[in-house]
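First up is the structure itself, then whatever we jot down about it.
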Amino acid sequence: MKKLVILTGAGMSAESGIKTFRESGGLWEEHRVEDVASPMGWALNRKLVLKFYNDRRRQLAGSEPNKGHLGLAALEKYFDVHIITQNVDDLHEKAGSTRVIHLHGELTKARSTKDPSLIYDIGYNDLNEGDKCDLGSQLRPHIVWFGEAVPMIGEAVKITSEADIFAVIGTSLNVYPAAGLIEYVPEGASLWLIDPNDVPVPPGINVEVIKEPAGKGVEILAARLLAIK
Ligand code: APR
């Protein structure tokens with residue numbers, strides 16, 4: 001089976017009712033990144049940070065995967081599909097995808113502020129001040145904040161460098177190291193990009209653009225990949 005590697009961003013979940021970050025009306029218009037998604041924000045106002053992610057988690061509880069997520073899961077029948085997502089939602093898993101790497105963490109998990117290897121499943125429940133890990137320290141959202149290391153990037157680079165087909169879906173490619181993964185796609189692999197808006201790709205990279213939202217775009221991609229499989 002050919003290895004199909006997919007890099008997804010917020011646009012992947014837009015049709016599930018989840019806001020993107022940088023578009024007009026996006027999350028970073030309503031909140032300052034440094035207040036809610038940085039170690040400094042956490043140090044200055046834990047309550048605000050916890051509320052921000054509690055709100056996201058509550059919204060996720062009522063969200064369903066869209067046609068795009070479902071289409072990617074269905075492709076596992078024909079390809080060795082690996083999803084590398086910047087999204088912290090669980091919609092790829094809910095759709096049935098079995099190999100998903102979360103570069104920026106997961107809303108449904110919390111972790112110890114003392115020992116980052118202590119990670120807990122919290123489902124769609126709120127995380128509050130006073131919720132502690134087994135070592136007695138405050139739990140924080142299991143999210144990679146701006147300025148923090150991205151522990152899963154090594155594995156993502158390895159998988160990307162083994163791709164026969166690589167597709168980018170619903171990301172503005174503004175945030176590194178995720179955006180840099182495209183540079184690791186082997187020469188000879190086919191590269192696809194699905195986004196209803198223009199997304200700048202590094203010069204010299206040959207990419208087939210499907211200018212559609214994720215739902216329709218994945219349908220087109222699947223038809224084209226299956227035709228040349
Ligand atoms: N289908 C596909 N793409 C869409 C759709 C849709 N229905 N709607 C919007 N998009 C596209 C936009 O055109 C844009 O290119 O999704 C992209 C969203 O870009 P961003 O808001 O910048 O989100 P993303 O690239 O995922 O952000 C990366 O930044 O703030 C951080 O940690 C956060 O993981 C996030 C990272």
Side-chain angles (χ1 to χ4, degrees), residues 6-42 49 52-53 55-57 59-60 63-72 83-92 95 100-109 111 140-153 156 160 166-183 191-202 205 207-222:
I6 318 265
L7 172 66
T8 66
M12 183 77 227
S13 299
E15 289 159 273
S16 295
I18 293 179
K19 283 188 176 179
T20 60
F21 294 97
R22 294 176 182 76
E23 293 181 284
S24 111
L27 279 173
W28 294 153
E29 254 179 28
E30 292 167 21
H31 307 270
R32 283 166 22 119
V33 175
E34 49 277 40
D35 289 345
V36 297
S38 79
M40 185 59 89
W42 176 249
V49 176
F52 177 74
Y53 290 102
D55 289 346
R56 309 267 80 71
R57 207 177 293 108
Q59 188 200 13
L60 182 56
S63 304
E64 292 300 330
N66 63 54
K67 226 171 77 178
H69 296 106
L70 295 168
L72 293 179
I83 292 175
I84 301 169
T85 187
Q86 298 167 85
N87 298 343
V88 296
D89 65 51
D90 59 355
L91 297 179
H92 283 301
V100 184
I101 291 182
H102 284 272
L103 284 180
H104 295 165
E106 291 171 76
L107 271 177
T108 55
K109 291 180 179 165
R111 77 166 180 268
R140 58 165 275 179
H142 182 48
I143 301 287
V144 174
W145 288 326
F146 283 88
E148 293 188 314
V150 180
M152 298 308 287
I153 194 67
T160 300
F166 190 85
V168 176
I169 307 179
T171 171
S172 62
L173 294 176
N174 264 291
V175 173
Y176 284 79
L181 281 173
I182 223 172
E183 311 273 0
L191 183 55
W192 304 75
L193 188 143
I194 298 174
D195 202 296
N197 300 302
D198 290 326
V199 176
V201 286
I205 291 187
V207 54
E208 187 86 33
V209 177
I210 300 174
K211 205 168 174 197
E212 297 284 354
K216 180 93 199 292
V218 168
E219 194 181 319
I220 295 170
L221 176 71

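Everything numeric here is computed off the predicted structure, so don't read it as measured data. Note that ligands are numbered from 1 as they come in the structure, with each ligand's atoms numbered from 1 the same way.
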Taking only Lys NZ, Arg NE, NH1 and NH2, and the carboxylate oxygens of Asp or Glu, determine whether [X] and [Y] approach each other closer than 4.0 Å.
X	Y	result
Lys211	Asp198	yes
Arg140	Glu148	yes
Glu219	Lys216	no

* **Pair Glu29-Ser24, side-chain donor/acceptor within less than 3.5 Å** => no
* **Short side-chain donor-acceptor distance under 3.5 Å, Asp89 and Ser13** => yes
* To do: Sort out the contact shell of ligand 1: every protein residue with a heavy-atom distance below 4.0 Å, listed by chain and number.
  => Gly9, Ala10, Gly11, Ala14, Glu15, Thr20, Phe21, Arg22, Glu23, Trp28, Gln86, His104, Phe146, Gly170, Thr171, Ser172, Val175, Asp195, Pro196, Asn197, Val199, Pro213, Ala214
* About how many Å separate CH2 of Trp145 and OG of Ser38, when rounded to the nearest 0.5 Å? -> 8.0 Å
